[in-house]
Each structure stands twice: as structure tokens, then as C-alpha cells.
Amino acid sequence: MARRNIFLFRYFPTMKIDTKLNGDVDDMYCVHGHALNLCRTPIIECLRKILPSQSTHKTDQPVQIADFGTADGRASLSLINEMIDIIQTDLGKDQAIAIYYNDQPRNDFNLLSSVVEGEEKSSGLTISENVFPLFIPRTMYVQCLPNESLDLSISGVASHYLSVNVCQIKNGVFMGEGDDNEKRLMKEKGKADWRSFVISRGRELKPGGFLITLNASSDEEDDVTSQIDKGMHYLGSFITDMAREGIITQEEYLAINFNGHYLRKAEDFKEPFSSALPEVQGLGLELISMKSMKHHLDHTSFGIVDKDETEKLEYSRRIVASVRSWMAHVILGGLSTSRTEEEKMVILDGYFDRVKSYAYDHSHHRPYIIVTEVVIQKKNVAHGEI
Ligand SMILES: C[S@@+](CC[C@H](N)C(=O)[O-])C[C@H]1O[C@@H](n2cnc3c(N)ncnc32)[C@H](O)[C@@H]1O
């Protein structure tokens, strides 16, 4: 019990996404197919709405855009380049543009820097004399930029990560495997975090500005992201098996938790507005639209119905790639510090071998993600609707 209390409410230092290229695509593409592009239409529409007001200030005021929880920046790169192109076409090449990239301080900002600068497989951000990339290593659950500084904020598949770890999941790894109390604690933290996220972004936005987010979620049929047959939570069952078989200790089993609330539904995203929070109202924030989506992941092996041996192998490798980058840190974070690095790698590889062989045996499953797009505007309170 005492150990459990020490664990409660600690910040979550182990949260880290590994990013490397998997053949032709990067890790985040394997995880969700750069899902932020599913919001391309509202993002571009919102940008087009703010540009006319910007044209009155012209070049002395930069257009300011931010991506929260950006990881290595690859997932938003093409969208941000498209926005730069639109801004420069409409307002001219002299128009100053500031692009802020946010992630938690432990993120690999060196990698982000090389992606922005351009690398072997991509020419990077379209940086010119008047385009300024800036990095913000800070939790997105607090204000990250001065009041009324941003025109447009985006965030892809990041808001499910909770700001602190509020419980250990005793019989599993994922929130969906938690008991009622564990689920309640994570849900409450998720509610507070979403409020903080919305309010912080609201403070940063200029009047008339927009926040467009794509969030891991559940849908009205209680469906959740499903990289493997039986859904995301089933990825926890292999850890449970490893604990039962004595490959990891009971203490390690308790410490291996995915600290994410990916079970939010439409009503949870609406909550800061439906509860009429004074701060949300005072900032003039308005929920413009919300859309839940089921998006099938893209890989040639995923679409093949009757797979041969080679295709099953290819399929199972790709499923592991869609899980490894975000799940490895969850497992490593829970393993005892007394273990050698080699021991940890053997356990990690053992886990992913299990995922791979399960995927191989269930290769009929077509993996998908469930996400909810949320569009929020900060209304121009002084001058009425924009
Ligand atoms: C699944 S990745 C998504 C990355 C990228 N936005 C995309 O669309 O692929 C989630 C990102 O959220 C970041 N993240 C988690 N908690 C955060 C926090 N409190 N503040 C800022 N970023 C956070 C993680 O470090 C990670 O880079």
C-alpha cells in the first residue's frame, strides 16, 4: 500500500515516443498514418478564415501557428508546409510566419530539429527568410505562449496522454482493463487535463483564432483503436501472461501502465463547454464542430483478405511497428532498475514476439484507429462573431 501511495500523482517521466524510420515511413506513420491529415479540411478552412483579418496588419505582425505534442514533427510537416504556401500566396513572401513546435521536455528535440531542417527523405519545413520555426519544450497542459499570440493551433493524437499518473492498473496495462476505481481516477484526470488543455490554448489564441485537434477516443458504439484483433486493450494481455509466467515480477507488472485516456467520447470533449466553465466563457471559446472517425491504417498487407505465409509475416511485422514506438517506453518504464539493459531488451523483445505471433495468427484483422476531431474558436468578444 505504501508503495502504491508513492506512485500516486507522480509526474510521468517515462513517457517518450521512439522515432525512427521503418523502411519507407516513420514510426508515427506506422502508428496512425499521420492521422492529423484527417483534419486537413477544417485546418485549411480555419486558416483561410483568419487570413483576411491578418492582411490588414500585413507583414509587421507574424502569422503564428503552433503544433502541440508534435513528437518529431513529421506527422504535421506536409500540413504546415501547405499552410505556409497558402499564407505566402495570399499575403506575399514578406509575410512573417512563426511555427511553434511543442512537446514535453523529454521529447527528442534534436530529431525534431533535423526533420524541420530537412533530411534524407524529406526537404523539411519550407523555411525562408520570413519563416521562423520555434520549439517549446513544456507540457501542453499549461499555457505555453503569451496571451493572444496564436492565430491557429493544431494537435494530433496527443491529448490522451495524462499529465500525471493517477493510479496503477492492477489487472492489466490499459485503462480499458482497469477496475471501476482505476477507470474513474483516469477519467477524472482526463477531464481536468482536457479542461486545462482547452483553457491554455484559449488564452494563447488571438480573438478569431482556431484550435483544431484530433484525439484518440472511443466512439458511440464503445469501439476503440484496434491495432490487433480484440482491440488495443488486448495488447495488455501479453504483459499479464508474462507476469503469470514469472518473466516479469508482480511489482513490475503493477508498474507497467499506459498512462493514457483513449476512451473519451464526444460528451467528454464537449464538457468544458456543456459545463459552461466561466473561464471558457470569459475567453469567448466556442465549440465549432466535432466528428468521430474510424480510420483504417494503410499498408499493402492490411488489405489482403487471404494472406499467404509471406504476407502474414509482413502483416505481423507491420503490426509490431505500429505498436513498438509508443509501447516500448511503457514496458521499459515499469521494469526494475536492478535489471541489466540486456535483460530489459530480452523482455521487450519477448513481448513484441508475442504481439507478432498473435498478429500472425489473427492476420484477418484490418487495423484501425478511432479518433475525434474537435474544432474550437476564440470568438472576437469585443466585436461579436467573426
Ligand atoms: C502519439 S504521439 C503524436 C505525435 C504527433 N502529433 C502525431 O500526430 O503523430 C503523442 C505525442 O504527445 C506528446 N505528449 C505527451 N504528453 C505531453 C504533454 N504533457 N505535453 C506535450 N506533449 C505531450 C508525446 O511526447 C508525443 O510526442
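Values reported hereafter were calculated over all heavy atoms of this structure, with side chains retained and with hydrogens, waters and symmetry mates removed. Indexing begins at 1, ligand by ligand and atom by atom, following the structure's order.
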Asks: Cluster partners of L313, using ILVMFWY side-chain heavy atoms under 4.5 angstrom, listed by chain and number?
Replies: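 Y360, all in the cluster of L313.
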Asks: With a cut-off of 4.0 Å, which atoms of ligand 1 are near a heavy atom of N102?
Replies: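 Atoms satisfying the 4.0 Å criterion: 21 (C).
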Asks: Just which atoms of ligand 1 are under 4.0 Å from any heavy atom in Y161?
Replies: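 What qualifies from ligand 1 is 10 (C), 15 (C), 16 (N).
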Asks: Which of the atoms of ligand 1 are close to Q104, meaning less than 4.0 Å from one of its heavy atoms?
Replies: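 Contacts of ligand 1 toward Q104, numbered from 1: 21 (C), 22 (N), 24 (C), 25 (O).
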Asks: Checking the N or O distance criterion of under 3.5 Å, is ligand 1 in contact with G156?
Replies: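 Yes, G156 has an N/O under 3.5 Å of an N/O on ligand 1.
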Asks: Any cation-pi pair here, R74 with Y29, using under 6.0 Å and within 45°?
Replies: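 No, R74 does not lie over the aromatic ring of Y29.
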Asks: At a 4.0 Å threshold, what atoms of ligand 1 neighbour a non-hydrogen atom of Y141?
Replies: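 Under 4.0 Å from Y141, ligand 1 has these atoms: 19 (N).
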Asks: Pairs of nitrogen or oxygen atoms closer than 3.5 Å, one from L36 and one from ligand 1: do any exist?
Replies: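 Looking only at distances, the answer is no, because the N/O contact criterion of under 3.5 Å is not met.
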Asks: Taking all non-hydrogen atoms of both residues into account, name the closest pair between I154 and S76 and its distance.
Replies: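 Smallest heavy-atom distance, with atoms named: CD1-CB, 4.3 Å.
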Asks: Measuring from S237:OG to E177:CD, what's the distance to the nearest 0.5 Å?
Replies: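 Going from the OG atom of S237 to the CD atom of E177 covers 7.0 Å.
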Asks: Examine R201 relative to F197 and say whether NZ or CZ is less than 6.0 Å from the centre of the six-membered ring and inside a 45° cone about the ring axis.
Replies: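 The answer is yes; both the distance and angle limits are met.
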Asks: Less than 6.0 angstrom from the centroid, inside 45 degrees of the normal: does K307 satisfy that with respect to the ring of Y315?
Replies: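 Yes - K307 lies over the ring of Y315, closer than 6.0 Å to its centre and within 45° of its axis.
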Asks: Can you name the side chain to side chain donor-acceptor pair (under 3.5 Å) partners of Y100, sequence neighbours left out?
Replies: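 For Y100, the residues satisfying side chain to side chain donor-acceptor pair (under 3.5 Å) (neighbours in sequence not counted) are Q64.
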Asks: For R74, state whether at least one heavy atom is located under 4.0 Å from any atom of ligand 1.
Replies: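 Contact absent.
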Asks: Do ligand 1 and H32 have nitrogen or oxygen atoms that lie under 3.5 Å from each other?
Replies: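 Min N/O separation from ligand 1 is below 3.5 Å for H32.
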Asks: Looking only at heavy atoms, which two atoms of I50 and G209 are closest? And how far apart?
Replies: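 Smallest interatomic distance, heavy atoms only, reads CG2-CA, 4.3 Å.
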Asks: List ligand 1 atoms under 4.0 Å from V157, heavy atoms only on the residue side.
Replies: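 Result: 1 (C), 2 (S), 3 (C), 10 (C).
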Asks: Between A75, A35, G69, flag the one that comes closest to atom 4 (C) of ligand 1 by a heavy atom.
Replies: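 Nearest option to atom 4 (C) of ligand 1, by heavy atoms: G69.
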Asks: Which atoms of ligand 1 are found less than 4.0 Å from any heavy atom of A71?
Replies: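 Going through ligand 1 atom by atom, the ones under 4.0 Å from A71 are 4 (C), 27 (O).
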Asks: Ignoring hydrogens, just give me the one of T70, D103, L112, D193 whose non-hydrogen atom is nearest atom 13 (C) of ligand 1.
Replies: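 Nearest heavy atom to atom 13 (C) of ligand 1 lies in D103.
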